[in-house]
Amino acid sequence: MNEHNATGPRRERSTAKPQREHGTSRPQAEHGASTPQLPWMAWQVGERVVVRYRLPDGLHDALGHLTEVNAHSVTVETKRGPVTVPAQTMVTGKRVPPAPPTQRQ
């Protein structure tokens with residue numbers, strides 16, 4: 001017996017999700033890749049970035065200019081001061097455009 005839903009025959013849905021690299025939103029390379037890439041290593045000191053990271057109390061964002069980058073962490077100069085984000089806590093991150101100019105009233 002064929003099962004139907006409201007729009008036609010029922011289709012099986014795949015529940016498999018692609019594996020993700022740590023700290024990126026891109027799927028991981030196929031099996032056999034030597035080591036996972038560290039996307040933040042392509043960032044340059046002085047660039048404006050946002051890094052989302054996880055702490056025991058939840059997710060946090062560090063938005064500002066990159067002051068240090070290495071395989072183990074990045075440091076972002078935010079409005080509230082420097083924030084060092086260890087690699088193992090990074091969820092995602094990216095380069096962002098310059099901040100919009102502030103308007104005086």
Side-chain angles (χ1 to χ4, degrees):
M1 174 190 254
N2 275 343
E3 292 186 44
H4 286 72
N5 60 24
T7 59
R10 175 182 267 174
R11 294 185 187 140
E12 293 297 321
R13 291 186 186 181
S14 172
T15 57
K17 293 183 179 179
Q19 294 294 315
R20 303 278 182 196
E21 283 183 12
H22 177 74
T24 74
S25 58
R26 289 176 280 195
Q28 218 172 2
E30 293 296 319
H31 293 292
S34 58
T35 59
Q37 294 179 356
L38 305 175
W40 61 91
M41 292 299 291
W43 300 347
Q44 301 297 315
V45 169
E47 288 184 305
R48 189 163 183 258
V49 298
V50 62
V51 179
R52 178 158 290 169
Y53 58 102
R54 185 180 308 276
L55 295 179
D57 65 338
L59 292 173
H60 298 268
D61 291 330
L63 171 65
H65 289 91
L66 197 61
T67 59
E68 185 179 348
V69 60
N70 61 58
H72 306 288
S73 67
V74 297
T75 301
V76 180
E77 184 66 40
T78 71
K79 286 184 179 181
R80 296 181 181 187
V83 175
T84 298
V85 182
Q88 66 269 22
T89 66
M90 290 183 202
V91 176
T92 190
K94 64 181 180 179
R95 295 177 182 111
V96 294
T102 57
Q103 296 182 358
R104 295 184 181 185
Q105 295 181 346

Spacing of D61 atom CG and R52 atom CZ [to the nearest 0.5 Å]
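That separation rounds to 4.0 Å.
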Those residues at least two apart in sequence (or on a different chain) that pass salt bridge (Lys or Arg N to Asp or Glu O under 4.0 Å) with R95 are E47
Side-chain contact test, heavy atoms from C-beta onward, threshold under 4.5 Å: evaluate it for [X] versus [Y] and give yes or no.
| X | Y | answer |
| --- | --- | --- |
| K94 | V50 | yes |
| L66 | T75 | no |
| V49 | V76 | yes |

Hits for side chain to side chain contact (heavy atoms under 4.5 Å, CB included) against H60, two or more places apart or cross-chain, chain-then-number order -> Y53, L55, D57
For R48, the side chain to side chain contact (heavy atoms under 4.5 Å, CB included) test, sequence neighbours excluded, returns L63, H65, V96, A99
Residues at least two apart in sequence or cross-chain that pass side chain to side chain donor-acceptor pair (under 3.5 Å) with S73, listed by chain then number, are none
*Mind running side-chain contact (heavy atoms from CB on, under 4.5 Å) on V51 and V74 for me, showing each step along the way?*
CA-CA 9 Å; V51 179; V74 297; 4.1 Å; yes
Exercise. Is a side-chain N or O of W40 found less than 3.5 angstrom from the main chain of N70, in a donor-acceptor match?
Worked result: yes
Sequence neighbours excluded, every pair satisfying salt bridge (charged side-chain N to carboxylate O under 4.0 Å, His left out) that has a member inside residues 72-91: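 Checked against salt bridge (charged side-chain N to carboxylate O under 4.0 Å, His left out) - neighbours excluded - no pair reaches residues 72-91.
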Would you name the heavy atoms of M90 and V85 that are closest together and state the gap between them?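 Looking at all heavy atoms of both residues, the closest pair is CE-O, 3.5 Å.
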Note: A87 and A71 closest approach over all heavy atoms is CB-O, 3.8 Å
